[in-house]
Amino acid sequence: MKHMIILFNELKWVGLLSVLLILIGCTSEETDESPLPIKKSLPLNIVFLVGDGMGLSQMSSAYFFGEGEPNFSRFPIVGLSKTPSGSHKITDSAAGATAFACGKKTYNGAIGVDMDTNDLETIIEELSAQGWNTGVVSTSSITHATPASFYAHVSSRMMQEEIAKQLASSEVDFIAGGGYKWFCNRSDSLNYADTLAANGFFLDTNSIDAPWKGGDQKPVYLMAPDGLTPKHLGRADFLPTATKRAIDHLSLKEEPFFLVIEGSQIDWGGHSNVGEYVIQEVLDFDKAVGVALDYAAEQGNTLVVVTADHETGGFTMASELKTGPYRSMYSDYNSIAVEFSTGGHSSTMVPVLATGPQAILFGGIYDNTKIHRLFRQVGSYNAGNKTKL
Ligand code: MG
Ligand code: ZN
């Protein structure tokens, strides 16, 4: 009797194994031997969300100060990115974003150029040339260092009028952020709002919530003269709304899309050493992440990657210190008092979260430039490149 039970159990496992093998057999057609499947029947999209200045502590704050489980928890793959620039142990946002956009370490302040100020092709330029549609969204001016590094080439991040000029003649298909003064109220008195219109863009400076009035033209939402209002001072749902608008617009087309979304002001909260500023910006960014993840889950072939260019402020989730001679004895381990150690950036590694086709490639510890390489590698599937990843 005992032997029969063992035999039965073994048979059960053999049966189960057969079912599993059949299931694997059924799906192998779609997977191309990849660790996570790319579905050949659908365009492969990439949504890249950058929390400027969002170190691990900033991300952690969403778990203590938000409501419910943050969307960050929805990513199965986690990596760490090493952020130093080509010129400094501690990067600025220009060199940090150029590493993502162009795959090269460059000097602090550089936008889309190398150490010798030569232009580097950005991922947006490269994918546009392959027929992808592209979008750029930020809560800073759209001409600020992070978004600019994806479409512009200038030797200094300070050259925002030149950056606006380059955006007005770029291949970008969807734009949302702040910064209309760099187009319309310039030191050279030129009007690049006209250039935007001449190049097929429709500029809306009134509302991102109103129904779209621009027909087939490419949307440009610029909602402030420069950066947008900080979240803790009253900005509404601009970032999640712009993320939704961008995805709605770009997914209408048959071609794949690459969309970069920046939560710009996590960094500004860090520079100003205001905990509430940082936390509200992180929670707002997490909402935008949720919008991207919802779309990815529904569409089924979208790689979503979240990371930061660097950490800002030396932000920590410290235990509240009470008065007394021994710091650890007089810390309240049930009360978090966020603290900062600098008004600038720090050199700490930053988290990378990934989900979707080939997300597994984003695990590990690597230079920020590798993220660009992986986007190109994964994106090459749309160009018919079936090189084994
Ligand atoms: Mg930025
Ligand atoms: Zn900064």
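When a ligand or atom number is given, it counts from 1 through the structure's own listing order.
The two residues D92 and G109 make their nearest non-hydrogen contact at OD2-N, 3.0 Å.
Under a 3.5 Å cut-off, the side chain of D204 and the backbone N or O of G214 do not form any donor-acceptor pair.
Within E262, the N, O or S atom at minimum distance from the Mg ion (ligand 1) carries the name OE2.
With 2.8 Å as the limit, H271 counts as an N, O or S neighbour of the Zn ion (ligand 2). Residue contact annotation: D52 places no N/O/S atom under 2.8 Å from the Zn ion (ligand 2).
A perpendicular orientation is assigned to the rings of W212 and F202, their planes being inclined by more than 60° (bins at 30° and 60°).
Using a 4.5 Å heavy-atom threshold, the side chains of T205 and Y221 count as separate.
Between H232 and Y277, the ring centre distance stays below 6.0 Å.
At the Zn ion (ligand 2), the vertex angle linking NE2 of H345 with OD2 of D267 is 150° (nearest 10 degrees). Angle OG1 (T146) to the Mg ion (ligand 1) to OD2 (D52): 90°, rounded to 10°.
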